[in-house]
There are 2 protein chains.
Amino acid sequence: MYEKKIPKSFDCGFSVLMEIIGGKWKSYLLYLIDQGVRRPTALQRAIPSASRRVLDLQLRELESHGILQRKIYPELPPKVEYSLTPFGESLLPVIASMDRWGEKHLAQFEQLVKQKPVEPQPHGG
Amino acid sequence: MYEKKIPKSFDCGFSVLMEIIGGKWKSYLLYLIDQGVRRPTALQRAIPSASRRVLDLQLRELESHGILQRKIYPELPPKVEYSLTPFGESLLPVIASMDRWGEKHLAQFEQLVKQKPVEPQPHGG
DNA sequence: TCGGATATGGAAAAAATTGTCCGTATCCGA
DNA sequence: TCGGATACGGACAATTTTTTCCATATCCGA
């Protein structure tokens, strides 16, 4: 893994949450796992635009953060299933509320982004 | 500014929210502005560990996303004040709920992170 | 033996974000 | 004129995140 040069400090709750779900695909992974898509390959097929590597890395991070549990079945070919821990499940309402806000304001946001970004104000008349 | 090579798509509400508050200091800036710290220099003094440059950039992004309003006073030396738009204010409850979750689970998270990350499972009989 | 399924890792490139350093401009006071 | 306050921008470096590419291992079936 990549080793950070600047240590992280979690001085507020927000930074803790962002450390946990900040990765590009993490919230989507949690959503899919909650929907029953549990195996790495299935998750990769469900998110084809993400690289296999990052999905693995982010799943492992979620595991190391106590959000997911990883269960290995001693079969061949190997079988692995991820599931949400109770800690992970406590996260779902927060993610849902984030998602709801975004859904609700999506149209407004897209409109704003489409516009010319800045209309200059008169400056020091 | 840096020009993105891969265009972003906002396929879910979550990604919209993350586009808006994903920057390293954005939520903190919103918090401080809501608390009445409105001027760029004051915000920089309030977040000494962030560089002046990034704070400016993120304030401008928040403005271009319709979250903040920037008001220029035609004085010298120049005076600028940021304030939350109604759109920005609608964001506060979401950020607060994110922060609450983090506060609530901070201790548990720190414990998990302190531990050795992985205890290997037996693998294939 | 070869290619498919499974799961995963290392190394390095690419992309994105954040930080550093220097420069602009204006007025005030020493 | 010089340094301070204000606010801001460009160019580039440093850091972090994500992607790409190549590799391992095992069993099954052709």
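The sequence lines fix the lettering, A, B, ..., with proteins before strands; numbering per chain opens at 1.
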Task: A:E19 vs A:E61 side-chain heavy atoms within contact, under 4.5 Å - done: no
For nucleotides 4-6 of chain C, tabulate all protein N/O to nucleotide N/O atom pairs closer than 3.5 Å, reporting atom names and distance.
from: C:dT6; atom 1: O3'; to: A:R39; atom 2: NH2; distance (Å): 3.0
from: C:dT6; atom 1: O3'; to: A:P78; atom 2: O; distance (Å): 3.2

Can you give me the N/O atom pairs linking the protein to nucleotides 16-20 of chain D at distances under 3.5 Å, or say none if there are none?
from: D:dT16; atom 1: OP1; to: A:I6; atom 2: N; distance (Å): 3.0
from: D:dT16; atom 1: OP2; to: A:K5; atom 2: N; distance (Å): 2.7
from: D:dT17; atom 1: OP1; to: A:K8; atom 2: NZ; distance (Å): 3.4
from: D:dT18; atom 1: OP1; to: A:K24; atom 2: N; distance (Å): 2.7
from: D:dT18; atom 1: OP2; to: A:Q58; atom 2: NE2; distance (Å): 2.7
from: D:dT19; atom 1: OP2; to: A:W25; atom 2: NE1; distance (Å): 3.1

Open item on the list: Tell me the interatomic distance from B:D56, atom CG, to D:dT6, atom P, rounded to whole angstroms.
Closed with: 13 Å
Open item on the list: Please report the distance, rounded to the nearest Å, between CD in B:E61 and C1' in C:dA16.
Closed with: 11 Å
- [ ] Nearest whole angstrom, please: distance from the C1' of D:dG9 to the CG of B:L59.
- [x] 15 Å
TODO: List the steps and the verdict of side-chain contact (heavy atoms from CB on, under 4.5 Å) for A:I21 and A:M98.
DONE: CA-CA 12 Å; A:I21 63 168; A:M98 295 171 70; 3.9 Å; yes
Open item on the list: Are the side chains of A:H105 and B:V16 in contact, using a 4.5 Å heavy-atom criterion?
Closed with: no
Task: Interatomic distance, B:E81 atom CD to B:L43 atom CG [nearest 0.5 angstrom] - done: 10.5 Å
TODO: Take atom CZ of B:R70 and atom P of D:dT6, then tell me their distance rounded to the nearest Å.
DONE: 16 Å
Open item on the list: Using side-chain heavy atoms (C-beta onward) and a distance below 4.5 Å, is A:L112 in contact with B:F87?
Closed with: yes
TODO: To the nearest Å, give me how far apart CD1 (B:I47) and P (C:dT18) are.
DONE: 12 Å
Task: Check: B:W25 and B:S49 side chains under 4.5 Å, non-hydrogen atoms - done: yes
- [ ] Would you check if A:Y82 and A:R60 make a side-chain contact, meaning some heavy-atom pair closer than 4.5 Å?
- [x] yes
Open item on the list: Applying the Watson-Crick and G-U wobble criteria at under 3.5 Å, what pairs with C:dA30? Answer none if nothing qualifies.
Closed with: D:dT1
Open item on the list: Quick one, A:L92 with A:L84, criterion side-chain contact (heavy atoms from CB on, under 4.5 Å). Give me CA distance, side-chain angles, the key distance, then yes/no.
Closed with: CA-CA 10 Å; A:L92 295 179; A:L84 288 159; 3.9 Å; yes
Task: Any-strand Watson-Crick or G-U partner of D:dA23, both distances under 3.5 Å - done: C:dT8
